[in-house]
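For reference, the structure discussed in these notes is given below.
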Amino acid sequence: MTLLRVLLLLLVLSPFVARAGDDPIADLAGNYDDIRHAVDALSVSGNARAEPVIAALQNGALMVAADRSLWIREGDAMLDARSGAPGSPNGPLKPVRLNNAVRRAIEAAMGNLTLFSADPARRLKAAQALFAQPDPAALPTLDRALAKESVAGVRRLLQQAQAAAVLAGADAPIPDRLAAIVVLRARGDLAASNLLAALAGQPPEVAAAAAEGVAAIARAQKIWALAQGVFYGISLGSVLLLAASGLAITFGVMGVINMAHGEMVMLGAYTTFVVQQAVGAWLPGLAAAGVLIAIPLAFIVSGAVGIAIERLLISFLYGRPLETLLATWGLSLGLQQAVRSLFGASNRDVSTPGWMSGAAQWGGVTITFNRLYIIIFAAFVLAALMAVLRATPLGLQMRAVTQNRRMAAAMGIRTPWIDALTFGLGSGVAGMAGVALSQIDNVSPNLGQGYIIDSFMVVVFGGVGNLWGTLVSALTLGIVNKFLEPVAGAVLGKIFVLVLLILFIQRKPRGLFPLKGRAVEA
Amino acid sequence: MSGRATMVCLVLVLGGAAVMAALNLATPAASALHVPAYAVSLAGKYLCYAMLAVAVDLVWGFAGILSLGHAAFFALGGYAMGMYLMRQIGTRGVYGNAVLPDFMVFLNWKSLPWYWYGFDHPAFAVAMVLLVPGVLALVFGWLAFRSRVGGVYLSIITQALTYALLLAFFRNDMGFGGNNGLTDFKDMFSIPLHLDSTRDGLLLATAVLLAAELLVARHVVTSRFGKVLIAVRDSESRTRFLGYRPESYKLFVFVLSAVMAGVGGALYVPQVGIINPGEFAPANSIEAVIWVAVGGRGTLVGAVLGAVLVNLGKTFFTATLPDLWLFALGALFILVTLLLPGGLLGLGRRRPRAAPVTQAPEPAE
């Protein structure tokens, strides 16, 4: 504390010290006390050479020559400490030595220097550090930094750091403290709440304002937590939606139970892996776009496998849903083992491109970009599917075949082809889901298994043959799951949702949005 | 499903078990005729699977209920037996606690959870083996059949049921040993489990109970009740219009089948020596369905045949060619459904007799 007081004094006096004509850089060649004072003086001098010189001192790269001139060693070159220009010192050099007092002074100086750095990001960091460790002694520095600061975000943080510092001290006048409480309350996060909660023993009006601030922050936090829960829920819901929308086509529209649907998702994820390897090997410039390239390829791969499955297996089993279920289950076992034999049983590493990683802070909600992109992607896939079903000739024929197969055939529609294409479409969408899942889940042969039961639940809950129902049910299940998690724990929450669904199906066997009309009894 | 096939099956099961047990006990280890103890336990395990398969065939083959969660009843019966065996360990556990099983001591539990009370009495445990799967099937079936959930929807929610149980039993706080399940059993009804003679006895008991199960199932399906059941399978709404209540028939047979599966599970645990949540995996239930399909759906005897053959294949493949097992199993699913709708027993029969396997051929609409 004494040291800080000294520092404080020096900070206040520093403009005079600097004007007094002393040369702090020259003083660095002196004894420990001289060095310490010189560091303090330099840190607030506004001298452009202050930072490199002090940094060199900290790293042991500052050398002193016999004529007391100072040099910075950079690799093999020697730079003049005062000008930064390369030169050759005369005579042997020895490093400037440090003791602990000097080291502490250097650390404080570096903190202050970054507060005045030209780079706003570094200033922000320094302000964050000061907020995290409030220190009344830093107040004058903060005041000066605030006076110079022009970037709004850094300015706000500096004010918060200032408020924290005011409250940490014992001698600030009460109106100042009340103003500081207002600043912290506006910040509204856990750190601010903790700082305010520590004020319980202060004079009554301060303590009351602080308590009120804590309560207000708690309320705000609750609302943010709710918003965060909704975001996580939508994120999980969009994953479910992606996995289930292909199934909504094959199961919902065609009525085919495809237990190998999860394996179509898995194939999409492995396509992403292969594309990434190929791009990395041959087109390194496109590495960031690997995921985008994988989307159409995954659609084609899974879609083609889907068409093959439909022609070679499922077309022999129409009208026998239970047998279809068993045969496609067998197929899923074969596909899993095939992928395991080809790629190995361990998880393959699919990297997330730079533009998909990271997170943004929106108030109290953290939005991770990969989740955000998946939500957007899911919405896009659903919209595209609806467009295909409603606005294309293929979609028209698909709907005709599902509504009345024989009549459609009589109108000249080649129903076996439509069956194959519909199944291919559903499988292709599953493949695209696999691309998205490869970003958030482990790419392993068992990837699809984890989603198959959930996907069926989504489709059944939403009502078979209804894409809107699938959307509503995926989002509902996602949000309910995420809100049950903190109350009941992840696993118990999931069990609870499953049991609720089982009960729900008893009440409404045809889901939330059942199809009406004659097709129902088919 | 003729009476003769059943007789042959009973003779083979009982006789085979008796011969294996006798050869295990009576011949010296060096003899070429000696049956090693592990083979006895393996045969016992197959017969337990056969009990599960008969249970599945009863609901799928005769009532048209494709349950993809029957292994859940098997596992619940197994857990009920496992809890009794755990309590039998007494002070011989690693921690030597007279009341608490090892895993509870390990998790710092202070007292036995209420649902473990009574499991130190064999009669109570046996009652639970029958009651727990039965009551679950009763509640689940009552809810499902009353609201006419059928076909693939029922299949999917039975799968969800076993999946939910799988997740639940994996939890340590459930008090069933979590991931590791129940194991390290010492003795059963005060007889040490590691003795060869105990293994032989268990094999014989399994064979006798399987035979009893076959006879009960056969009695059910050949009675008047069974005729209505088959009518429900082939055309549920027509049966309903004739004045029957299909849900009551389905519910009865579903509960009976669950109890049979539970008994199979209870015999499985002492012979295998462990029960863990993996038994609840949906894949197990589906595998049980394929045993039935391989042997011949709706034949009961075929279920036994299919269970034993497929599991023999599994033992062989996983030991010698582990990579090929899933391919073989997958191919089995596909080939049996595509080419062999009547299963192995359907091979000998004329084509039309195999027809009940499929639903009435309606145009897919």
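Letters go in sequence order (proteins before strands), and every chain restarts at 1.
- The line from CD1 of A/Ile453 to CD1 of B/Ile157 is 12.5 Å long, rounded to the nearest 0.5 Å.
- A distance of 5.0 Å separates CG in A/Leu317 from CG in B/Leu338, rounded to the nearest 0.5 Å.
- Taking every heavy atom of both residues into account, A/Ala327 and B/Thr337 meet most closely at CB-OG1, 3.4 Å.
- Only the side chain of A/Leu325 comes within less than 4.5 Å of a heavy atom in chain B; its backbone stays farther off.
- Other residues, nucleotides and ligands contribute over 12 non-hydrogen atoms within 6.0 Å of the OH atom of B/Tyr115.
- Put simply, of B/Tyr163, B/Phe327, B/Phe140, the one with the most heavy-atom pairs under 4.5 Å next to chain A is B/Phe327.
- For the pair A/Arg340/B/Leu326, a side-chain contact is recorded, criterion being any heavy-atom separation below 4.5 Å from C-beta on.
- Residue A/Arg414 places its CZ atom among 12 or fewer non-hydrogen atoms of other residues, nucleotides or ligands, all under 6.0 Å distant.
- Within 6.0 Å of CH2 in B/Trp142 there are 12 or fewer heavy atoms belonging to other residues, nucleotides or ligands.
- Proximity to chain B (any heavy atom under 4.5 Å) is shown, for A/Leu313, by both the backbone and the side chain.
- With a 4.5 angstrom heavy-atom cutoff, B/Leu68 touches chain A only via side-chain atoms.
- Contacts between B/Ala328 and chain A at a heavy-atom distance below 4.5 Å are absent for every atom of the residue.
- In this structure, the portions of A/Leu331 lying under 4.5 Å from any heavy atom of chain B include both its backbone and its side chain.
- Heavy-atom distances place no part of B/Trp325 under 4.5 Å from chain A, backbone and side chain included.
- Here the side chains of B/Ile286 and A/Met259 are in contact, with some heavy-atom distance below 4.5 Å.
- Side-chain contact check for B/Leu324 versus A/Gln337: every heavy-atom pair is 4.5 Å or farther apart.
- The neighbour count for A/Phe496 CZ, taken as heavy atoms of other residues, nucleotides or ligands under 6.0 Å away, does not exceed 12.
- Residue A/Ala345 does not touch chain B at all, counting heavy-atom pairs closer than 4.5 Å.
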